[in-house]
> 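Have a look at the structure that comes next, please.
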Amino acid sequence: MKYVNTPVRKKDAMALVTGQPVYTDDIAPENCLVVKVLRSPYAHALIKNIKKDTALKVPGIECILTHEDCPDSRFTTAGQTYPELSPYDRKILDSRVRYVGDAVALVAGKDEACVNRAMKMIKVEYEILDAVLDFTKALDHPVIVHPEEDWKAMIPIGEDVKRNLVCHGEMREGDVDEELSKCDIVVDRTYHTKACQQTPMETFRSYAFVDMFGRLTVVASTQVPFHVRRIVATSLLIPKSQVRVIKPRIGGGFGSKQTVINEIFAALVAWKTKKPAKIVYTRAESQTVSSPRHEMQIRVQIGADKDGKFQAIHLHTLSNAGAFGDHTPTTIGLTGTKSLPLYTSHVKAFLFDYDGVYTNTIPAGAYRGYGATQGLFALESAINELAQKLQMDPTVLREKNLLKEGDFMPAYYGETANSCTLDVCMEKAKELIGWDEKYPCRKIGDHKVRSVGMALAMQGSSIAGVDVASVRIKVNDDGFYTMAIGATDMGTGCDTILAQMAADCLDTDIDNIITRGVDTDVSPYDCGSYASSTTYLTGMAVIKTCESLRKKIVFQGAKILNCHLEDAEFDGTYVTCRKTGKKVTLKEIGNQVMCSNEEPLEACEGHTSPVSPPPYMAGAVELEIDLETGQVEIIDYVAVVDCGTVINPSLARVQTEGGIVQGIGMTLYEDVSYSPEGKIRNNSFMQYKIPSRLDVGNIRVTFESSHEPTGPFGAKSIGELVINTPAPAITEAIYNATGLRFYELPITAEKILMGLKKKAHEER
């Protein structure tokens, strides 16, 4: 292999560093109508009347749209494969608003100034209703968030909407209660993770126009172009054939752009006015009316014998959907299915059950890790506490119980771990961090302590039996290749990674592969960039497509050479007839098929997988705590990752580093908080702190490769896995330094300091 497993530079690197116009707002036409959203100041209310006459007289205003101007259709904005597990509980604009910031009206005009002026002149009469803001009290609350009769779920999800229950489910093996009662030691703890914002550099933005054929084109910063097409068509009640979606370069997504945040608004205005329209969210809007990580409460019960062998595990998850159910039935499931399999191959019993509930808060959505992050924080933290009660090194406890290659995984859809070096990852992480010398802590001066913590994680590679990827590659004149993909590069470098695979499969130079971005009119179908699917799933589609194309190249070359097909072979440059030694170049073949030919020299193949092989990771942290201030400083973070064969080490490394930084932010800083009236307080980076390079210390990444037999070149995924270890590892290190166990994130310096003061008072 010439390109696979090498640090090839990203194909779009120079365009990005030289500031070329590649993003959605860069390429929007100058004559676009500017669209803004008038939003509800109340968490729950009915709209009684909207007076817009005065606002319509503002010069430059094109239209003001309310619920009376919208199709009467419900849909989900979750970008998932149809039929979606997320409920159809939204309208474009509704007469009932369900959270502070919910859309009330769309205002479109020639520029931002006139739109802002008009928005101030719209008068809305509300009937203010009681709201439910606490998700732990939402189930069977007197306030029903969705009382409408046309609410529907496309697939049964255990819903009972009149109880505010979005979804319910369970998975079990054995009798957990009985086995827990027999255990020598049991840890029973409840953990609370707050909502977190994805905060991509590029905020949510899209533009739309109606083309000369009367079709609606939506250009959007999205991870899921084909799902956007379906959602826009469903919401507008128009045929999908009337909608085209184009995805330019994305300035980050991290799951946030797996939800259709504002594409429908631009589409509605363009469809109504037949004029191009664009909508660009401010940072404040992106912080307060988007789709953050689900707030969750997770109870873990884990029992072991006196030697540390796990006997039974019970994990129950309560998830806050917010005002709408987007992604709730799927994220909540991953809290158990992407955590429990690490340790349940040999336990006597396990139970995973969950409830997702509606509240009058910002609707939650997809975020890197997608539920596994919350579940692993809870489970790994409980295991660390269990080790402390057993007076055992937590890495030794894990070694006694963790998943090994070849193990059957009853809590992971009945799959088998065919590629797993998790035990090696943990040993390597211990070695790199200096675990045996540094565990649990050591004093540095009078009031500073350094300590270490460890956690393990897993994820998946696409959604088994559901996700589909397709690739089309054609030979052009002069013999260069054009590869059309439906997968979405959102900064991950998938355009480059897939080109690396194609170049090796076709024995050509990577610069000879031109990768085309997504246009739903011409790109082959792909479910989109989520569920860690692109490298694993689309990569296999690349391999299959290249195999088909090579056969066609050999056929055309043999025909030109008057050679029997079985005697011809292709080495990437020439088709050679083994009997005669005659050759024809790919360049000549590419040019000749342009004349008097009935067989197009292209191939298109799709791929789906019946399994979703997990990647694995061990994360170890060394941190320093100032006992006088509670301040935490990350000194060193070591990540050892098993993602199968590493296709591009440089891109895999920066993926890992980025995920760790986000995990550190979730653990120590990030906190979506509300006023008593349900308004989000954190509407800018002044109030919502994300870590900078100065906050994350030294991050070291290494790989312990396995070979996944179902993946391209033995590869698995990496994108989501890498955010999952910081929360439990840092929480454990804080305990080792201070003796304080925290069960809620984030763990701020103030919380640590107050905990230390309380502890000192109790010890007096």
> Which word best sums up how the rings of His168 and Tyr354 line up, parallel for under 30°, tilted for 30 to 60°, or perpendicular for over 60°?
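Ring orientation of His168 relative to Tyr354: tilted.
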> Rounded to the nearest 0.5 Å, what separation is found between the CG atom of Leu506 and the CD1 atom of Ile473?
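Output value for this atom pair is 5.5 Å.
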> Working to the nearest 0.5 angstrom, can you tell me the gap between Leu390 CG and Ile185 CD1?
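The CG atom of Leu390 sits 4.5 Å away from the CD1 atom of Ile185.
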> Hey, mind stepping through Thr492 and Leu651 against side chain to side chain contact (heavy atoms under 4.5 Å, CB included) and telling me if it holds?
CA-CA 7 Å; Thr492 55; Leu651 296 181; over 6 Å; no
> Evaluate the ring planes of Tyr343 and Phe310, with Trp represented by its six-membered ring, and classify them as parallel (under 30°), tilted (30 to 60°) or perpendicular (over 60°).
perpendicular
> Decide salt bridge (Lys or Arg N to Asp or Glu O under 4.0 Å) for Glu84 and Arg230; before the verdict, give the C-alpha distance in whole Å, the side-chain angles of both, and the deciding distance to 0.1 Å.
CA-CA 11 Å; Glu84 308 95 328; Arg230 181 184 68 250; 3.1 Å; yes
> Counting heavy atoms not belonging to Lys348, are there more than 12 under 6.0 Å from its NZ?
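For Lys348, atom NZ is not crowded (no more than 12 foreign heavy atoms under 6.0 Å).
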> Specify the closest pair of heavy atoms between Lys257 and Gly252, including all atoms of both residues, with the distance to one decimal.
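That closest heavy-atom pairing would be NZ-O, 2.8 Å.
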> Any side-chain donor-acceptor pair under 3.5 Å between Gln459 and Ser717?
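No, Ser717 and Gln459 have no side-chain donor paired with an acceptor closer than 3.5 Å.
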> Verify the distance criterion only: is there a donor paired with an acceptor across the side chains of Thr488 and Tyr530 at less than 3.5 Å?
no
> Using a 3.5 Å distance criterion without hydrogens, assess whether the side chain of Glu732 forms a donor-acceptor pair with backbone atoms of Ser381.
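The answer is no, because no donor-acceptor pair under 3.5 Å joins these two groups.
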> Determine whether a donor-acceptor pair (N or O, by modelled atom type, separation under 3.5 Å) exists between the side chain of Gln374 and the backbone of Ile298.
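Checking the backbone N and O of Ile298 against the side chain of Gln374, no donor-acceptor pair under 3.5 Å is found.
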> Does one side chain, of Ser470 or Asp526, offer a donor that lies under 3.5 Å from an acceptor on the other?
no
> Closer than 3.5 angstrom, by distance alone: can the side chain of Asp407 be matched with the main-chain N or O of Ser345 as a donor-acceptor pair?
no
> Could you check whether any side-chain N or O of Thr545 sits under 3.5 Å from a backbone N or O of Arg472, counting only pairs where one atom can act as donor and the other as acceptor?
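Judged by distance alone, no pair lies under 3.5 Å.
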> Looking at side-chain heavy atoms only, is the closest gap between Thr710 and Tyr536 below 4.5 Å?
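They are in side-chain contact.
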> Using a 4.5 Å cut-off on heavy atoms from C-beta on, say whether the side chain of Phe703 contacts that of Arg653.
yes
> Do His316 and Gln297 have side-chain N/O donor and acceptor atoms under 3.5 Å apart?
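Note: His316 and Gln297 side chains miss the donor-acceptor criterion.
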> Report the distance from atom CG of Asn724 to atom NZ of Lys338, rounding to the nearest 0.5 Å.
9.5 Å
> Indicate whether the side chain of Tyr413 and that of Thr337 have a donor and an acceptor atom separated by less than 3.5 Å.
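There is such a pair (donor and acceptor under 3.5 Å, judged by atom type) between the side chains of Tyr413 and Thr337.
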> Can you name the closest pair of heavy atoms from Gly406 and Thr416 and give their distance?
O-CG2, 3.6 Å
> Taking all non-hydrogen atoms of both residues, which atom of Gly255 and which atom of Gln223 are closest, and how far apart?
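For Gly255 and Gln223, the tightest heavy-atom pair comes out as N-OE1, 3.0 Å.
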> Looking only at atom types and distance, does a side-chain atom of Thr259 sit under 3.5 Å from a main-chain N or O of Ser291, one as donor and one as acceptor?
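Absent.
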> Looking at Asp642 and Lys716, is there a salt bridge between them, counting it only when a charged N and a carboxylate O are closer than 4.0 Å?
yes
> Could you please spell out the steps behind the salt bridge (Lys or Arg N to Asp or Glu O under 4.0 Å) verdict for Lys551 and Glu547?
CA-CA 7 Å; Lys551 292 177 182 177; Glu547 290 172 351; over 6 Å; no
> Would you indicate whether the side-chain heavy atoms of Asp184 and Asp305 approach each other to under 4.5 Å?
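They are in side-chain contact.
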> Is there a donor-acceptor contact under 3.5 Å from the side chain of Asn401 to the main chain of Gly308?
yes
> Show the numbers, then the answer: is there a side chain to side chain donor-acceptor pair (under 3.5 Å) between Thr344 and Tyr412?
CA-CA 9 Å; Thr344 50; Tyr412 192 69; over 6 Å; no
> Is the shortest distance from a Lys or Arg side-chain nitrogen in Lys428 or Glu704 to a carboxylate oxygen in the other one below 4.0 Å?
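A salt bridge is absent here (no side-chain N lies under 4.0 Å from a carboxylate O).
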> For a salt bridge (charged side-chain N to carboxylate O under 4.0 Å, His left out) with Glu399, tell me which candidate from Lys430, Lys404, Lys309 qualifies.
Lys404
> Would you find a donor on one side and an acceptor on the other, under 3.5 Å apart, between the side chain of Thr608 and the backbone of Asp467?
yes
> Do you know which of Gln198, Glu720, Gln662 makes side chain to side chain donor-acceptor pair (under 3.5 Å) with Arg368?
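Result: among Gln198, Glu720, Gln662, Gln662 is the only option passing the side chain to side chain donor-acceptor pair (under 3.5 Å) with Arg368.
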> Looking only at heavy atoms, what is the nearest atom pair of Pro200 and Phe254, with distance?
CA-CE1, 3.9 Å
> Whether the side chain of Ser705 engages the backbone of Gly644 through a donor-acceptor N/O pair (distance < 3.5 Å, no angle test) should be reported.
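Confirmed, Ser705 side chain pairs with Gly644 backbone.
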> Would you say Ser706 and Glu405 are linked by a side-chain donor-acceptor pair, where the criterion is simply a distance under 3.5 Å?
no
> For the pair Phe75 and Tyr88, evaluate ring-ring contact (aromatic ring centres under 6.0 Å, His included) and give the outcome as yes or no after the intermediate values.
CA-CA 4 Å; Phe75 56 93; Tyr88 280 33; 7.7 Å; no
> Side-chain donor-acceptor pair under 3.5 Å between Tyr367 and Thr331, yes or no?
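On atom types as modelled, these side chains do not qualify, holding no pair under 3.5 Å.
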> For Ser529 versus Thr534, what's the shortest heavy-atom pair and its separation?
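Minimum heavy-atom contact is OG-OG1, 3.4 Å.
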> Any non-hydrogen side-chain atom of Thr81 less than 4.5 Å from a side-chain atom of Ile463?
no
> Is there a donor-acceptor pair closer than 3.5 Å between any side-chain N or O of Lys247 and the backbone N or O of Thr222?
no
> Among Thr335, Asn320, Thr328, Thr373, which residue satisfies the side chain to side chain donor-acceptor pair (under 3.5 Å) criterion with His294?
Thr328
> Do the side chains of Thr538 and Cys494 get nearer than 4.5 Å, heavy atoms only?
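Side-chain contact under 4.5 Å: no.
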> Any donor-acceptor pair under 3.5 Å linking the side-chain atoms of His314 with those of Asp188?
no
> Are His327 and Gln80 side-chain neighbours, meaning at least one heavy-atom pair lies under 4.5 Å?
yes
> Within a strict 4.5 Å, meaning less than it, do heavy atoms of the Cys527 and His227 side chains meet?
yes
> Apply side chain to side chain contact (heavy atoms under 4.5 Å, CB included) to residues Ile157 and Leu85 and explain how you reach the verdict.
CA-CA 7 Å; Ile157 51 177; Leu85 279 169; 3.9 Å; yes
> Apply side chain to side chain contact (heavy atoms under 4.5 Å, CB included) to Phe713 and Cys505, showing your working.
CA-CA 10 Å; Phe713 298 95; Cys505 289; 3.9 Å; yes
> Under a 4.5 Å cut-off applied to non-hydrogen side-chain atoms, are Asn418 and Pro613 in contact?
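Side chain of Asn418 against side chain of Pro613, heavy atoms only: no contact under 4.5 Å found.
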> Could you give the distance from CE (Met458) to CG (Leu334), rounded to the nearest 0.5 Å?
9.0 Å
> If you compare all heavy atoms of Gly453 against all heavy atoms of Trp435, which two are closest, and at what distance to 0.1 Å?
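Minimum heavy-atom separation between Gly453 and Trp435: C-CZ3, 3.6 Å.
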> Atom CG in Leu397, atom NZ in Lys389: separation rounded to 0.5 Å?
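Going from the CG atom of Leu397 to the NZ atom of Lys389 covers 13.5 Å.
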> Any donor and acceptor pair, going by atom type alone, linking the side chain of Ser609 with main-chain N or O of Val611 inside 3.5 Å?
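Between the backbone of Val611 and the side chain of Ser609 there is a qualifying donor-acceptor contact (under 3.5 Å).
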> Pair His607, Lys544 - check side chain to side chain contact (heavy atoms under 4.5 Å, CB included), show working.
CA-CA 8 Å; His607 186 69; Lys544 292 165 71 173; 3.4 Å; yes
